[in-house]
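Below is one structure, written out as structure tokens, with a few remarks after it.
Sequence positions, counted from 1, serve as the residue numbers for this chain. Whatever order the structure lists them in is the order used to number ligands and atoms, beginning at 1.
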Amino acid sequence: MKKRFLTLAACALALCAACTDREPEVRNVIYLIGDGMGLAQVSLLQVAEEYRPTAFDRAHNVALITTRSANNRVTDSAAAGTALSSGCKTRNASLGLDTAGQPLVPLTVIARRQGMRTGLVVTSYLHHATPAAFYAHVSNRGETDSITCDMVRSDIDLLFGGGRKALSDTLPEGGTRIDAFRAKGYRIALEPAQIDTLSGLPVLAAVADRHLPAASERGDYLPQATRKALELLSADNDKGFFLMVEGSQIDMACHGNDAPRALDEMRDFERAVAAAMDFADQYPGTLVVVTADHETGGLTLPSGKDDFTLPESGVRAEFSTGGHSATIVPVYLYGTGAGRIHGLMDNTDLAQQLKAIIAKAK
Ligand SMILES: [Zn+2]
């Protein structure tokens with residue numbers, strides 16, 4: 001009898017521990033997108049680092065996503081960005097609209113409805129396809145005027161990237177988009193060094209005329225801008241936030257079939273991923289999702305010689321196209337809720353799962 005009592009007590013204790021160990025609710029989501037970052041681009045970094053653990057190795061969970069668009073097995077960044085932001089397929093070149101031309105609801109809007117703050121940090125111009133997929137609704141990604149108009153209207157709390165020239169152009173109706181942001185109460189930074197001095201939201205930092213320089217020339221911009229964004233979005237915030245960070249120029253390096261530059265861009269993006277994971281360590285309730293919109297360059301890493309009985313003959317980086325490829329791309333998950341997303345899925349399913357998580361965020 002005594003033994004039975006002890007067993008019951010042990011069960012009760014175990015149940016109690018299960019209650020108290022329950023994972024906290026997700027309140028912050030950091031969505032990092034390596035533009036053009038397929039499995040080979042991550043492998044390129046691993047090989048170059050001689051398998052020293054990188055931020056990717058810290059992942060608590062992984063998944064894979066397919067990337068095709070509504071009208072092409074090889075997606076462009078506009079359709080893939082739309083899939084990742086709204087959970088819906090669209091045609092290549094289209095941003096934030098479905099195939100019938102109806103506006104889609106991006107994760108930034110779902111987050112705002114929850115009272116969460118929102119931010120975008122990129123190394124391209126801010127009206128480029130991936131960031132624009134989080135606020136714009138246009139049938140062609142080249143419609144710069146409409147995209148920058150939607151950027152002003154989006155009320156996204158924090159925008160860090162390039163695009164200063166397009167935002168400074170005088171509009172037919174007079175004034176510039178930067179004037180429009182200022183009129184809405186945004187603090188404005190037009191040089192990279194000013195980002196660190198920013199305090200308070202909303203904020204626009206357009207710190208290069210077009211894209212920022214390549215990783216080898218832009219220093220610590222991306223990891224520092226990511227840390228600054230996390231600081232500003234989390235300060236005195238009891239409603240959480242949604243932040244998208246893009247390693248925009250992995251794609252540009254791979255379009256140019258430039259492996260050394262692709263490696264620089266991967267190293268830079270990895271440091272931003274590490275900053276996000278460090279934040280999640282410090283602030284439970286933070287989910288970090290690292291993925292790609294598609295693979296660029298058809299990168300492969302073949303061995304120097306194909307006789308594997310010989311000592312290693314080195315690994316080359318070879319590209320098979322100047323465009324994108326149809327291969328699946330990885331998803332790395334870290335922090336609160338990382339266990340909830342796994343398996344092989346479509347890019348739209350990943351976004352739908354994030355929509356559901358954000359809609360329930362506390
Ligand atoms: Zn892309």
Legend entry - Short side-chain donor-acceptor distance under 3.5 Å, His294 and Ser77: yes
Inset, instruction - Could you tell me whether Asp306 atom CG has more than 12 heavy atoms of other residues or ligands within 6.0 Å of it? - result: no
Inset, instruction - Specify whether an N/O/S atom of Asp35 falls short of 2.8 Å from the Zn ion (ligand 1). - result: yes
Inset, instruction - Check all N, O or S atoms of Asp293 and name the one closest to the Zn ion (ligand 1). - result: OD2
Legend entry - Contact flag Ser77/the Zn ion (ligand 1), N/O/S atoms, threshold under 2.8 Å: yes
Inset, instruction - Return yes when at least one N/O/S atom of His294 is nearer than 2.8 Å to the Zn ion (ligand 1), and no when none is. - result: yes
Would you mind writing out the side-chain donor-acceptor pairs for residues 281-290 within the sub-3.5 Å range, not counting sequence neighbours?
residue	atom	partner	partner atom	Å
Asp281	OD1	Tyr334	OH	2.5
Asp281	OD2	Arg58	NH2	3.1
Asp281	OD2	Tyr334	OH	3.3
Thr286	OG1	Asn28	ND2	3.1
Thr286	OG1	Tyr283	O	2.8

Inset, instruction - Applying side chain to side chain contact (heavy atoms under 4.5 Å, CB included), name anything that partners Asp150, two or more places apart in sequence or on another chain. - result: Tyr135, Ala136, His137, Val138, Arg153
